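Every chain is numbered from 1, with letters handed out A, B, ... down the list of sequences. Computed from a predicted structure; not experimentally measured.
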There are 2 protein chains.
Amino acid sequence: MGSTSCAHVRDPRECEDCSARSLSVCSALDVGELDGLHEIARSTFYPNRSSLFRQGEPSEFVFNVTEGVVRLARLLPDGRRQIVGFAMPGDFLGVSVHATYGFSADAVEDVAACKFGRKAYEDLVASKPHLLKRLHDFSANELSLAQDQITLLGRCTAEERIASFLLHMRRRWAVVRGKPSVTVHLPMSRQDIADFLGLTIETVSRTISRMARDKELTVVPHGVRLSDVRRFEQLAAA
Amino acid sequence: MGSTSCAHVRDPRECEDCSARSLSVCSALDVGELDGLHEIARSTFYPNRSSLFRQGEPSEFVFNVTEGVVRLARLLPDGRRQIVGFAMPGDFLGVSVHATYGFSADAVEDVAACKFGRKAYEDLVASKPHLLKRLHDFSANELSLAQDQITLLGRCTAEERIASFLLHMRRRWAVVRGKPSVTVHLPMSRQDIADFLGLTIETVSRTISRMARDKELTVVPHGVRLSDVRRFEQLAAA
DNA sequence: CGCTACATTGACCTTGCTCAAGATTAGTGG
DNA sequence: CCACTAATCTTGAGCAAGGTCAATGTAGCG
C-alpha cells in the first residue's frame with residue numbers, strides 16, 4: 001500500500017466486492033465475481049485529483065475500480081493530451097503486456113479501487129484458466145470498444161461526438177447503478193471531455209451550450225439532463 | 001468449404017505455417033508457432049478485392065493471415081467508412097466475444113490465410129491455458145495499439161498522421177520480412193489510407209505530393225521510398 | 001487502343017481551432 | 001457565512017486546416 005502517490009488506504013480489510021467489468025476502459029459486460037481475485041486485493045482510497053499510476057511507471061499493480069471515475073490519459077512528448085477512456089466502477093485497470101503503464105490514471109472525483117500486486121495477479125490468472133478466459137473475453141470486448149472510439153474520432157462531427165459521449169456515459173452509469181437515468185453524471189472537466197473526443201474545450205462548451213439553447217438537454221452541476229434520449233440516439237448514429 | 005464469399009482454396013493441405021502475430025490488427029510481437037492451432041486450420045486463398053468476411057455476419061471463423069494485406073473496415077449506417085486496421089502476415093483476425101464480426105475484412109492484394117472453425121478454435125483454446133495466455137497477451141497489446149491510433153486520430157495533424165502511418169507500415173513489413181527497408185509497400189488505395197487516418201483522399205494525396213516535392217520521399221508503384229527515416233520520426237512525434 | 005479505376009491538383013468553403021474577454025463556480029481563510 | 005481568489009466555463013471574433021466540388025492526369029487491363 002501507499003507506493004502509489006497520493007493514495008491512502010481507506011480500509012485494510014480484504015476487498016469484498018471486486019466484480020470486474022472491463023480491462024481498462026468501458027464495458028457493458030457484467031460477469032459477477034471473479035473468484036479468487038478478491039483474496040489478493042486491498043481496497044484503497046484515492047481522493048479527487050490523485051493518481052492511481054502514471055504513464056511510464058513500472059506496471060506493478062492491477063486495479064479494479066469500485067467507486068468513482070478515473071481518467072486514463074496519454075501525453076504526447078509536446079504536451080498534447082489524449083484521454084483514452086474513463087474507468088468506472090467495475091472496470092479493470094493496468095492490465096498490459098508492457099513493463100510500464102501506457103497511460104496515466106487519475107481520479108476525477110473521490111475513487112475507491114481494489115489494488116492487486118502484479119505478480120500475485122499473474123500467478124492467480126495462470127492457475128485459473130476460466131478466469132483467464134473471462135479476462136481474455138473482456139480484453140477482446142475492450143478492443144471492440146476502442147474501435148468504436150477510433151470510428152468516432154476518425155469520422156464523426158463535433159456534435160456527433162458529444163451526443164455519443166453523453167449516451168455512452170449514460171449507458172455506463174445505467175450498468176453501474178442498475179437503472180438508466182436521463183440525468184448523466186459527468187465528474188470530469190470540459191477539458192477532459194475535449195481531450196477524450198479530440199476537440200477543444202471551446203467546441204465542447206459551445207456544442208453543449210447550443211444543445212441547451214435548443215432544449216435538447218439541461219446543464220446541471222457535474223452533469224447534464226437529456227430531454228429526449230431518442231434525439232441523441234439519432235445524433236450519435238455511429 | 002468456401003462458405004466465405006469469393007474465397008478459393010489454394011491448397012487443401014493442413015496449414016503448416018500458422019505463427020500468429022496479432023488478434024485483429026497490428027502487432028510487433030513474434031511468438032513463434034501456436035502449438036495445436038495449425039492442426040485445425042486450412043490454408044485458403046483470397047484473391048485481390050475478395051472478402052474474408054463482412055461486418056454483421058456470424059463470426060464462424062477465425063483467420064491467421066499468411067500472405068498479403070487485409071483491410072479491416074467499419075461502415076457507419078450513413079455510408080461513412082473507418083478502416084480500423086490493416087492485417088498483415090502473422091496477424092489474427094475474427095477473434096471476438098460477439099456473435100457477429102464487428103468489421104469487414106477484404107483483401108487489398110492477393111491474400112493467403114489459415115481459416116479455423118470457431119468451435120474447434122474455442123475448444124482448442126479452452127484446452128490449452130498456455131495458448132490462451134498468449135492470445136490474451138496479444139489482445140492486451142492490440143488494445144495498446146488501438147490507443148495509439150486513438151491518440152493519432154484525436155490529436156495529430158494530417159502530416160503527422162501520414163508520417164506515422166508510413167513508419168508504422170515500414171515497421172510492420174520489417175517484422176514480416178525480417179529486415180527493415182526504406183521502401184514501404186502500400187497495396188491499399190489512397191481512399192483506404194484516408195479512411196484509416198480519418199482524412200479525405202485529397203488531403204492524403206496532397207500531403208504525399210508535398211512530401212515528394214520536398215524530397216522527403218519518392219512515390220513508387222504501390223508504395224513510397226522514404227528519403228530520410230529520421231525526418232519522418234520527427235514528424236510522427238506521437 | 002480505349003475504357004475504367006484511381007490519383008492528383010486547383011479553387012473555394014466550412015468546421016472547428018485560436019486568441020481574448022467575461023462569467024461562473026469552487027475552494028479558502030477570515 | 002461571506003469575501004476573495006483561482007480555476008473553470010462560456011462566449012465572441014477571426015482564422016486556418018482540412019473538406020468539398022470539379023477538372024485533369026495517369027495507370028492498369030481487356
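- Here the P atom of nucleotide dT15(C) and the CD atom of Glu160(A) are 12 Å apart, to the nearest Å.
- Contact annotation: side chain of Arg190(A) to base of dT24(C), donor-acceptor pair absent below 3.5 Å.
- The residue Ser205(A) sits close to a base: some heavy atom pair falls under 4.0 Å.
- Nucleotide dG22(C) holds its C1' atom 14 Å from the CD atom of Glu202(A), rounded to whole Å.
- The phosphate of dC6(C) has neither OP1 nor OP2 within less than 4.0 Å of any side-chain N or O from Ser189(B).
- Atom P of nucleotide dG28(D) and atom CZ of Arg49(B) are separated by 13 Å, given to the nearest angstrom.
- Of all nucleotides listed (dT20(D), dG18(D), dT11(D)), dG18(D) comes nearest to the side chain of Ala158(B).
- In textbook terms, a nucleotide whose glycosidic angle is within 90° of 0 is syn, and dA5(C) is one such case.
- For Glu202(B), there are no salt bridge (Lys or Arg N to Asp or Glu O under 4.0 Å) partners at least two apart in sequence or on another chain.
- When Watson-Crick and G-U wobble pairs are counted only if both distances are under 3.5 Å, dA6(D) pairs with dT25(C).
- Rounded to an integer number of Å, the gap from Leu199(A) CG to dC9(D) C1' is 16 Å.
- The aromatic rings of Tyr46(B) and Phe63(B) lie perpendicular to each other, with more than 60° between the two planes, well past the 30° mark.
- A donor-acceptor contact under 3.5 Å is not formed by the side chain of Arg161(A) with the base of dG16(C).
- The residue among Thr157(A) and Pro221(A) whose nearest nucleotide of DNA chain C is located toward the 5' end is Thr157(A).
- Per the geometry, CD1 belonging to Ile201(A) stands 8 Å off P belonging to dT8(D), to the nearest Å.
- In the interface, the side chain of Gln191(A) is not paired with the base of dC9(D) through any donor and acceptor atom under 3.5 Å apart.
- Look at His222(A) and you'll find a side-chain N or O under 4.0 angstrom from OP1 or OP2 of dA26(C).
- Residues meeting the side-chain hydrogen bond (donor to acceptor under 3.5 Å, both in side chains) test with Arg161(A), sequence neighbours left out: none.
- For the pair Ile208(A) CD1 and dT24(C) P, the interatomic distance rounds to 17 Å; values are reported in whole Å.
- Straight-line distance from the CG atom of Leu186(B) to the P atom of dC6(C): 16 Å, rounded to whole Å.
- A salt bridge links Arg172(A) with Asp91(A); the closest basic N to acidic carboxylate O contact falls under 4.0 Å.
- Remark: the Ser144(B) side chain and the Gln147(B) side chain contain no N/O donor-acceptor pair separated by less than 3.5 Å.
- Nucleotide dG12(D) forms a Watson-Crick or G-U wobble pair with dC19(C), both donor-acceptor distances falling under 3.5 Å.
- One can place CZ of Arg206(B) at 11 Å from P of dT20(D), the figure rounded to the nearest angstrom.
- Dashed line: the shortest gap from a side-chain N or O of Thr203(B) to OP1 or OP2 of dA17(D) is not under 4.0 Å.
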